[in-house]
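One structure below.
Keep in mind that what you see is a predicted model, and the values were worked out from it rather than measured.
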Amino acid sequence: MPIYPTTYGSSFDIEDNIQDALEWMESELKNDDTFKFNMSAVAREWNVPRQRLVSRWNGRPSRHVSFGNGSRLNNDQERAICEYLKRLDEIELNACPAMIEQYANKLLEQSMDVDTEVSEPPVGPQWTKRFLKRHPQFFKRRQKALEQDREKAHDPDSISDWFHRYKALKDKYNILPEDEYNFDETGFWVGIGKDQ
């Protein structure tokens, strides 16, 4: 018995796969107009939800194409936010909901009408929550402070060596004490507390 993936990827990936499947189905119908499709088999082959494939085949548009009245950003702007979050994840920097909201508002600012110079109003307080619900590949996780056992486990010789190398770099690049900032492994976030 074959094992099929339980996840389909992001909603944008699913829609791209559905479009590819629909194009394949249409090409098959051009070759043989009496051809009957087994929608479950096609959905498995293209790794998409069967019901969504059937809906698109019957002409129902995707939510990405016909986003509701409450949607503030268009598809390209939502994709830009997804790419932004992926980039942050690649460099191991965690985004907090405020960062996502701030980036969305920046995109809305940039999409202002040049003629009237009127920008879109900012996203609402629940927008980030709804965005994360639309994109389940992104989720919130509470960060924990550094554990005491790990804190005590540092080797004094390696720490001393690190500070010697640090001083050498400061001297090499002429870094002044007023240009130094202190932060730990969890990163540096303005306005975010220890266990938030």
Side-chain angles (χ1 to χ4, degrees), residues 1-33 35-112 119-143 186-187 189 192:
M1 176 173 225
I3 298 173
Y4 298 105
T6 56
T7 59
Y8 301 106
S10 74
S11 54
F12 292 114
D13 294 338
I14 293 170
E15 289 303 324
D16 290 342
N17 290 348
I18 287 175
Q19 289 307 312
D20 292 342
L22 292 175
E23 289 171 11
W24 174 80
M25 291 167 67
E26 287 173 6
S27 70
E28 289 295 316
L29 278 178
K30 285 181 183 176
N31 296 338
D32 181 9
D33 59 350
F35 190 76
K36 298 280 186 192
F37 294 107
N38 178 341
M39 289 301 222
S40 295
V42 173
R44 279 192 301 270
E45 179 71 27
W46 292 92
N47 192 28
V48 295
R50 184 191 66 81
Q51 188 56 48
R52 200 178 304 181
L53 178 65
V54 170
S55 296
R56 298 298 172 275
W57 181 250
N58 292 330
R60 183 176 174 197
S62 123
R63 288 184 190 172
H64 298 296
V65 175
S66 62
F67 45 95
N69 295 336
S71 293
R72 300 300 317 281
L73 303 175
N74 62 32
N75 294 339
D76 293 333
Q77 290 169 325
E78 287 230 356
R79 278 187 203 232
I81 292 175
C82 291
E83 290 302 315
Y84 169 69
L85 293 174
K86 287 177 187 174
R87 244 182 283 127
L88 288 177
D89 186 51
E90 286 172 4
I91 62 172
E92 297 181 8
L93 209 138
N94 301 317
C96 61
M99 290 171 69
I100 300 171
E101 183 178 333
Q102 187 177 24
Y103 191 72
N105 286 330
K106 190 71 175 167
L107 287 173
L108 286 172
E109 266 181 43
Q110 291 175 350
S111 67
M112 77 173 185
S119 64
E120 292 283 333
V123 296
Q126 296 297 315
W127 182 87
T128 304
K129 184 177 176 182
R130 289 191 304 269
F131 173 82
L132 292 174
K133 199 171 187 178
R134 283 192 304 273
H135 301 280
Q137 72 269 29
F138 304 112
F139 52 90
K140 292 194 315 187
R141 180 174 288 161
R142 182 175 291 272
Q143 268 192 314
T186 57
W189 292 354
I192 303 297

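By the 4.5 Å heavy-atom criterion applied to side chains, Phe131 and Cys82 are counted as neighbours. In this structure the side chain of Glu23 never reaches within 4.5 angstrom of the side chain of Ser27, judged on heavy atoms. Contact of the Leu53 side chain with the Leu22 side chain is registered, since non-hydrogen atoms from C-beta on lie closer than 4.5 Å. Phe37 is listed as a side-chain neighbour of Glu28, based on a closest heavy-atom distance under 4.5 Å. Residues Trp24 and Val42 form a side-chain contact, since some pair of their non-hydrogen atoms from C-beta on lies under 4.5 Å apart.
Here the closest non-hydrogen pair linking Ala43 and Pro49 is CB-C, 4.3 Å. Of all heavy-atom pairs spanning Asn94 and Met99, the tightest one is O-SD, 4.0 Å. Minimum heavy-atom separation, Ala95 to Leu85: CB-CD2, 3.7 Å. Nearest approach of Glu78 to Arg134, heavy atoms of both residues: OE2-NH2, 2.6 Å.
For the atom pair CG (Asp13) and CD1 (Ile18), the distance works out to 11.0 Å, reported to the nearest 0.5 Å. Expressed to the nearest 0.5 Å, how far CD of Glu45 lies from OG of Ser40 amounts to 13.0 Å. Note that CG of Asn17 is 10.5 Å distant from CZ of Arg52, once rounded to the nearest 0.5 Å. Remark: Lys133 NZ to Thr128 OG1 distance equals 14.5 Å, nearest 0.5 Å. Between the CE atom of Met25 and the CG atom of Asp20 there is a distance of 12.5 Å, given to the nearest 0.5 Å. Rounded to the nearest 0.5 angstrom, Asn105 CG and Ile100 CD1 are separated by 12.0 Å.
Remark: Asn31 engages no residue in a side-chain contact (heavy atoms from CB on, under 4.5 Å) (not counting sequence neighbours). A search for side-chain contact (heavy atoms from CB on, under 4.5 Å) contacts involving Ala104 returns Leu73, Ile81, Val123, Trp127, not counting sequence neighbours. Listed by chain and residue number, Tyr84 satisfy the ring pair (Phe, Tyr, Trp, His ring centres under 6.0 Å) test with Tyr103 (two or more places apart in sequence, or in another chain). Residues meeting the side-chain contact (heavy atoms from CB on, under 4.5 Å) test with Gln126, sequence neighbours left out: Lys129, Arg130. The side-chain contact (heavy atoms from CB on, under 4.5 Å) check on Gln102 picks up nothing, with sequence neighbours excluded. Under the rule for a salt bridge (Lys or Arg N to Asp or Glu O under 4.0 Å), the partners of Lys86 that lie at least two apart in sequence or sit in another chain are Glu83.
Dense packing is recorded around CD of Gln110, with more than 12 heavy atoms of other residues, nucleotides or ligands lying under 6.0 Å away.
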